[in-house]
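Report on one structure; see the data block that follows.
Index from 1, following the sequence. Just so you know, these numbers come straight off a predicted model, no measurement behind them.
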Amino acid sequence: AMPQRHAKNNGSSTYGVFSYHERRQCEFVNKQEARLGVDAQLPFGYCGLSLQPAVDPVVTPSGRIYSRECLLEHMASKAADLKRRREAWEAEERRAERDAARDAKRH
């Protein structure tokens, strides 16, 4: 068996995919501001939902900041959406069970 040649840093995200010349030409590799501009992060103390300064701020365990009212509205809308989706899923399951029972009676 021939020994395998391993390139330095082969397998890391950009080193395994691009050649040296291609890496040098990629703007996202060379420029920090291209990857992480001022628009990529909210200013400290801003709500992640309203994108405004947080009013009555709530902080998640991961460190995200939200306005209490925005967070409650979001949670209420998600709860309603999840309830609607669950009802649709349960109706589809009942339909599938009826169809399966009907097919079983035919055979």
So the salt bridge (charged side-chain N to carboxylate O under 4.0 Å, His left out) pairs with at least one residue in residues 41-51 (sequence neighbours excluded) are none
Would you give me the side-chain donor-acceptor pairs under 3.5 Å for residues 86-93, sequence neighbours excluded?
| unit_1 | atom_1 | unit_2 | atom_2 | d |
| --- | --- | --- | --- | --- |
| Arg86 | NE | Glu90 | OE2 | 3.1 |
| Glu92 | OE1 | Arg95 | NH1 | 2.6 |

Listed partners of Arg106 passing side chain to side chain donor-acceptor pair (under 3.5 Å), at least two apart: none
By side-chain contact (heavy atoms from CB on, under 4.5 Å), which residues pair with Tyr66, not counting sequence neighbours? Cys47, Leu49, Thr60, Arg64, Leu71
Sequence neighbours left out, what pairs pass side chain to side chain donor-acceptor pair (under 3.5 Å) with at least one residue falling in residues 67-80? Asp56-Arg68
Under a single-linkage rule joining Ile, Leu, Val, Met, Phe, Trp and Tyr whose side-chain heavy atoms are separated by less than 4.5 Å, which residues share a cluster with Leu82? none
Tell me, please, which residues at least two apart from Asp81 pass salt bridge (Lys or Arg N to Asp or Glu O under 4.0 Å). Arg84, Arg85
Taking only residues two or more places apart in sequence, or in another chain, which ones meet Pro57 in a side-chain contact (heavy atoms from CB on, under 4.5 Å)? Ala54, Ile65
